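Source: prediction; values computed, not measured.
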Amino acid sequence: MKLYNSLTHKKAELQTLQPGKIGMYVCGMTVYDYCHLGHARVLVAFDVITRYLRTKGYDVTYVRNITDVDDKIILRANENGETVDALTERFINAMHEDERELGVLRPDKEPRATRYIESIIGLIQVLMDRNVAYQGANGDVYFEISKFPEYGKLSKRKLDELNAGERVSVDENKRSPLDFVLWKPAKPGEVAWESPWGAGRPGWHIECSAMSADCLGKTFDIHGGGPDLLFPHHENEIAQSEAAHGCEFVRQWMHAGPVRVDSVKMSKSLGNFFTIREVLKKHPAEVVRYFIVASHYRSPIDYSEDSLKEATASLTRLYNAFRDLYEDMGVSEASSLADCAQLAPSDLAPVDAGYRLRFAAAMDDDFNTPAALAVLFELAKAINTVKKTERQAAIAMARELVELARPLGLLQFSPERLLQGVGLSDSSDGLTPEVIEGYIQARKAARAAKNWAESDRIRDELLSKGIVLNDSREGTTWTRQDN
RNA sequence: GGCGCGGUGGCAGAGUGGUCAUGCAAACGACUGCAACUCGUUGGACGCCGGUUCGAUUCCGACCCGCGCCUCCA
């Protein structure tokens, strides 16, 4: 199993601290707004990583934090005239909803900054004791980066280069412009905790150093996050943790690629972002997942309606392989494919092991999901080819397809939900399944009378509304397209 | 300005020193009342210029272009 390490910029064999066990910490959300597609990408990427490592037999402890106190949260709460607690609670719930919709498994631990204040203060105290932190005249406690010679090793920056940069703000309270805040005194009325440096709140970076150590230990296997966290956030985490603990912080750094719109990164500051919930009104969650998984996790992806439509078409092809097989797979068309493995008998014809091996080879190579998907399409084609003639073999392969797709979080929902667009609020244009069934019955009568003109008229009418009919020996089924 | 990543067929997107990615789209054929689904077949690609090599899209160098980070952002 090879992983790309953003610290070394190289792929290397995964070596865990303890055999068979992996501790993984991923930087999660600052909860002052709804999650957008950039968050979705990180959520899905590390969900796939966790799922796959587990299918390989690793005992993964997945920790993803929640930042529930910071400047933006306080500002937003004030704007809304609500308390910080009320605001964060609301958006944590929203985040959990989005996560569930996307089929993202919950992390094992979800530490919140406000619940780890004691650990955070303890860690800052260690840094003060070790003389790598100091309190400025304004009361802010800063980490002094000149005391940590390795500063910049993750982002490949040299201190003098950073100093030469034009965008580093100058602050008279800091010994160096690059020193960053560990503890911030509260303004009157702001949420605050008592500390040796006065009442205040933690800086952003320190919470991750404190919580990761508490949850996973001073050194752990994998640390992940979004692309814009590499600098300064993760660089600062390294500085704090290694300066305080005197040992290596993280073995393996992983960073997801950006989500773009029109070739420009989706970001809060540019305002060019789409929230997960707004996209899920128009597209099934698995389509969004497919869109994310169809590119390698480190590559940039471009979000557009066209790219989601293409994802829909591709995923539909995969689901089409199951047509006419549901019943014998042990699931009804209305239930979830994810259950079929438990229900179906195991004494089916053996499936060519090549698919499984090639899928694993792709995933073992730094989670090459596009290459893994290609194997799924090969399998789908094989199913379609033998479906009519070798039914038992087709059923066995269909089960294999579901199993292989499981770590990707695909083909887990009901085919009906995907193909018929069930649950999409933006597709509820009065065409309920009952109404559509009415059309189908009318057309069936026309076809029985060989009234092809009427039959085609009904089909065209539905097509103009995005409903595609599909006649087979067993009857007529329908799917929704262009959603 | 500094550091980093990337430029693959109409589009998306893997990959490799010399036979296939894969998906969408397109064309033809089969199936179908006609379609849809599906199957079969087809075309078409490696930014540009040099170098290494028997041979480079793949390795090296220059150049052009795009993007990211350097400021809160996943």
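Separation of the C1' atoms belonging to B:rU42 and B:rG4 is 42 Å when rounded to the nearest angstrom. When the P atom is compared between B:rC20 and B:rC73, the two are found 46 Å apart, to the nearest whole Å. Taking the C1' atom of each, B:rA56 and B:rC48 are spaced 15 Å apart, rounded to whole Å. Going from the C1' atom of B:rG47 to that of B:rA27 covers 29 Å, rounded to whole Å. Between the P atoms of B:rC60 and B:rG6, the separation comes to 11 Å (whole Å).
We find that the ring of A:Phe377 and the base of B:rG23 do not stack by the test of centres under 5.5 angstrom and planes tilted less than 30°.
If you check distances only, the side chain of A:Ser455 does reach the base of B:rG33 with a donor-acceptor pair under 3.5 Å. At a cut-off of 3.5 angstrom, the base of B:rG33 holds at least one donor-acceptor pair with the side chain of A:Asp456. Not a single donor-acceptor contact under 3.5 angstrom links the side-chain atoms of A:His296 to the base of B:rA14. Evaluation of atom-type donor-acceptor distances gives no pair under 3.5 Å for the side chain of A:Arg41 against the base of B:rA74.
A:Ser263 has no side-chain polar atom (N or O) that falls below the 4.0 Å cut-off from OP1 or OP2 of B:rG66. Checking the phosphate oxygens (OP1, OP2) of B:rC31, no side-chain nitrogen or oxygen of A:Lys388 falls inside 4.0 Å. Between A:His9 and B:rC5, a side-chain N or O to OP1/OP2 separation shorter than 4.0 Å is present.
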Worksheet item: Base, backbone or nothing for each nucleotide of nucleotides 37-42 of chain B, written B, S, -, heavy atoms under 4.0 angstrom, 5' to 3'?
Response: SSSS--
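Side chain of A:Val259, nearest nucleotide from B:rA74, B:rC72, B:rC24: B:rA74. Closest to the side chain of A:Arg447, from the set B:rC34, B:rC72, B:rA14, is B:rC34. Distances from the side chain of A:Glu310 to the nucleotides B:rA12, B:rC3, B:rC34 place B:rA12 closest. The side chain of A:Arg443 lies closest to B:rC34 when the candidates are B:rC24, B:rC34, B:rC73.
Using a 4.0 Å heavy-atom cutoff across all strands shown, A:Ala256 reaches no nucleic acid atom at all. Nucleic acid contact class of A:Asp471 (heavy atoms, under 4.0 Å, all strands): base. Contact annotation for A:Val26: no contact, since no heavy-atom pair falls under 4.0 Å across all strands. Within 4.0 Å (heavy atoms only), A:Arg358 reaches no atom of the nucleic acid at all.
Residues A:Phe180 and A:Tyr142 keep their aromatic ring centres 6.0 Å or farther apart. In this structure, A:Phe220 has its ring center under 6.0 Å from that of A:Phe249.
Of all the residues in residues 91-111 of chain A, not one reaches under 4.0 Å from RNA chain B with any non-hydrogen atom. Of the residues in residues 266-276 of chain A, those lying under 4.0 Å from RNA chain B by heavy-atom distance are A:Met266, A:Ser267, A:Lys268, A:Ser269.
Cation-pi geometry between A:Arg289 and A:Phe291 is not met: the NZ or CZ atom fails to fall both under 6.0 Å from the ring centre and inside 45° of the normal. Because its NZ or CZ atom is not both nearer than 6.0 Å to the ring centre of A:Phe46 and within 45° of the ring axis, A:Arg64 does not count as a cation-pi partner of that residue.
B:rC46: no Watson-Crick or G-U partner with both key distances under 3.5 Å is found in any strand.
Using the six-membered ring where Trp is involved, A:His205 and A:His233 have ring planes that are tilted, between 30° and 60° apart.
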